[in-house]
Structure formats: C-alpha cells, structure tokens
S.K.: 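One structure, pasted below without further comment.
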Amino acid sequence: MRKGFKIVAAFLMLFTSFIGLVKQPKVHAEGQTYEIGVAIYQYNDNFMTLFRNELEAYFKELGEADGNTYNLEFQDGKNDQATQTEQLNNFIAQGKDLLIANLVDPTGADQIILNAQSADIPVVLINREPSIETMELWPGKTTYVGVDARQSGVYQGEMIAELDNHGDINGDGKVNYLMIMGDAGNVDAEQRTQYSVETLEKTIPTEILGEAQRGNWDQAKGQEIAANALSQFGDDLEVIFSNNDGMALGAVQAINGAGRKINEDIYIVGVDALPEVVELLGKGEFTGTVLNDHFNQSHTAAEIAIKLLQGEEVAPYFWHDYIKATKPEDAELKRLDYREESIEDYQNRLKETYGE
Ligand code: BGC
C-alpha cells in the first residue's frame, strides 16, 4: 500500500515538474545565473542611490545563500523617458530574465510592459507607482513594490499638527507655509502635497505663501526656492513642506543663510529620512521627516523578483509602510513584513481610508 502510494506520488511529482517545464521554459535549476535589467529613473538622486545600492547588496546576499548568481545590469535613465525606454527595450532584446524598473514617467509604463510580456520577461516596478490600469495589463507577472505616498503626506501634516503651537509661530491662528514639490505628474509629489496640508488643516487653518513650486526633487532647486521665499515673505513664513529630504536639505541651507532657527522660528518637514537629515534630527535642527523605507522596499523587490524568476505568479502590489521620524531612533532600518494586495483590495482600501 505504502509503496504503491509512493510510486503514485513520485509519478505525480515528475508529471507536475514536466508540466512546469513545458509551461515555463525560463525556469532555471539551482546554481543558475539569472540576468536582471534594472532601470533607474536617474542616478543623480540621493534616495534612489540608497535604494539602488541596497538592492545590489541584497541580491548578492541572496545569491550567496541560494547558490544562484543574480547578474544585475543597471542603467541610468537620466530623468528622460525616451532614453529609459530605449534602455528597457535593449534589456528585452538581450533576453534578460527579469526587469526591475523605476520609471521616469510611470504613465508611460504600458508599452514597456506589453513589450516585456511579448518576450515573456516579468517586470517588477519600484518607487513610482503606476496606475491601476497598468497593473491590470499582465497580471501575475507585473508587480509594484512600494509605499503609499498618501501616507507620507498625512505624516508630514501630523508632525506639524502635533507641535505645541501646531506650526503657528506668530500666534495669529493660522499656519503660513511654503510648499516645495517634486516633478510634475509624479504621484508622490501630488499626494504628499495634497495630504500634508489637508491633514494639518484638520487641526488649524493654513495659508500658502506664493504658489507651490517645483524643485524636481533636487537640493539646489530646493535651496533656491526657499531662499526666494525667505526674502519675499520674511518672518511670515512659519512652515516649509518639502516633498522630499533632498530639496529640504537645500531649504535648510537657505534657512541658515537667512539667519533663521529651525524649530524656534521656523519648521521644516521632508520625506525619505536621508542620513544627513537624520543627523540634523539628532541635533534638533530639523522638525521631522518620514522614513521612505528603501531598505525594506529593495529587499522585498528582490525577493518577489526571485519568485518571478522561479516561474511563480505574484500579486500586483507589495506594500511597506512609511514611518514618521522626529528623532533618529524612529528612522532605524530593520526588516519588516510586506503587505500583499490584489487590485480589488487596493481599491477598497483607497475608498475606506481616503474616500478616493
Ligand atoms: C522620493 C524622492 C525621490 C523620488 C524619485 C520619491 O519617492 O521621496 O526622494 O527623489 O522618489 O522618484
């Protein structure tokens, strides 16, 4: 009886692995080499540099543990979608086993995914969230690993609201703020801008000084925008919201240059928890940032990529949380679980949490 059962089980195993081979000709045995093309929107970006380095290091670690070789070829999209599309199409033509893409313009993702699909090359999207329609194009083989930008905006607003004076330094009952934004059409930029102010408004009225301005994630532009605002609005300026820490670091230079004192006569919040900003937090010279957890996002992206390389189908969304950081300990990096979501789960959550 037992022997007969074992034979049937062995046949079943053989049969399923045969089917597996027929269905997924790309499956490699252990000890294999996998070619992975990684397209980064632009190398000249503090946050994406942390992400890229961690991704590379973690793939190496995983390869040492599982005996496979993961060859990563990185390309710098130089913040130009045409250049990046060419780089991705080259990866496809070279027959890479998998693509990891931090798109310059996620609204242009569809054609890239369709091209990858026709060559049967799975795609892991990172950092810039594409639309739900894009995620529906090639289910099971396209996934997004990221964080929900709305949450980072909410946290920025909360950090100001939680101050004793709610950001109202001159006591006139409202908060006068400057908004420094990332580039146009970027989901992170739009959502951080919207949710930071909406959240603060639940506690105290706000008024923007001038118009929201695009610093395109760049430190030098952040400095320029803040310097102009400081000279135009002087002491009226109470809070600076910056869509990322890179631009906020520029604003800090401008604030120092104008002789103002952060956390005494002006507040500033950013996103990313760059090491330079964490250091400032430790000295009480920065109000708050939000950890954009490149450590967990890159580790999860690598782990999901390996599932895809092994022929598995995966969920469309893998999320990590942003973490509010007003002191250095808040921004410590440690491995945390991801949350997996279907498109329907995601849509329901957006409706329930944000009424979208
Ligand atoms: C980060 C920015 C970064 C941008 C690049 C955002 O999620 O917060 O720091 O420059 O992504 O796309």
Side-chain angles (χ1 to χ4, degrees), residues 38-55 74-81 83-84 100-109 124-131 144-156 159 179-196 213-223 225 240-252 268-278 280 286 288-298 300-301 317-325 331 333:
V38 189
I40 301 293
Y41 99 98
Q42 130 163 289
Y43 280 8
N44 183 16
D45 180 295
N46 296 353
F47 172 73
M48 280 317 297
T49 303
L50 293 175
F51 196 123
R52 177 160 55 96
N53 292 341
E54 191 59 42
L55 185 72
F74 285 89
Q75 291 284 346
D76 176 2
K78 303 205 166 83
N79 205 17
D80 179 61
Q81 189 55 58
T83 303
Q84 192 184 51
I100 298 181
N102 160 219
L103 296 174
V104 174
D105 175 9
T107 62
V124 177
L125 297 160
I126 54 168
N127 177 246
R128 295 184 167 188
E129 188 186 333
S131 70
Y144 175 67
V145 179
V147 272
D148 177 355
R150 300 168 190 82
Q151 190 186 36
S152 54
V154 169
Y155 285 168
Q156 286 189 300
M159 286 187 291
M179 178 65 71
I180 310 180
M181 294 183 72
D183 57 353
N186 184 294
V187 178
D188 292 2
E190 303 306 322
Q191 293 182 342
R192 288 173 189 164
T193 300
Q194 178 187 344
Y195 284 94
S196 55
Q213 291 181 63
R214 302 252 171 223
N216 296 342
W217 307 117
D218 181 69
Q219 180 162 345
K221 293 216 181 75
Q223 178 173 11
I225 292 169
I240 298 184
F241 284 108
S242 174
N243 284 172
N244 80 343
D245 281 353
M247 298 184 293
L249 281 170
V252 168
I268 179 162
V269 284
V271 177
D272 285 339
L274 292 181
E276 298 89 323
V277 166
V278 173
L280 289 175
F286 199 89
T289 184
V290 183
L291 172 64
N292 188 356
D293 192 342
H294 68 278
F295 182 81
N296 279 296
Q297 290 174 70
S298 59
T300 298
Y317 293 105
F318 292 87
W319 299 107
H320 282 285
D321 280 319
Y322 280 103
I323 294 167
K324 227 191 270 189
L333 302 173

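The first residue in the sequence is number 1, and the count goes up from there. We count ligands from 1, going down the list as the structure has it; atoms in each ligand are counted the same way.
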S.K.: Students often mix this up, so state it plainly: with edges at 30° and 60°, are the rings of Trp319 and Tyr317 parallel, tilted or perpendicular?
M.R.: parallel
S.K.: Which protein residues come within less than 4.0 angstrom of ligand 1, counting heavy atoms only?
M.R.: Tyr41, Asp45, Phe47, Asn127, Arg128, Asp188, Arg192, Trp217, Asn244, Asp272, Asn292
S.K.: Examine distances only and state if a side-chain atom of Arg128 and a backbone atom of Val104 form a donor-acceptor pair shorter than 3.5 Å.
M.R.: yes
S.K.: Ion pair present between Arg150 and Asp148, side-chain N to carboxylate O less than 4.0 angstrom?
M.R.: yes
S.K.: Using the test side chain to side chain donor-acceptor pair (under 3.5 Å), find all partners of Lys324 that sit at least two apart in sequence or belong to another chain.
M.R.: Glu158, Glu162
S.K.: Does Tyr43 have Arg52 sitting over its ring (NZ/CZ under 6.0 Å from centre, angle to axis within 45°)?
M.R.: yes
S.K.: Go through the side-chain N and O atoms of Trp217 and Asp183 and say whether any donor and acceptor fall under 3.5 Å apart.
M.R.: yes
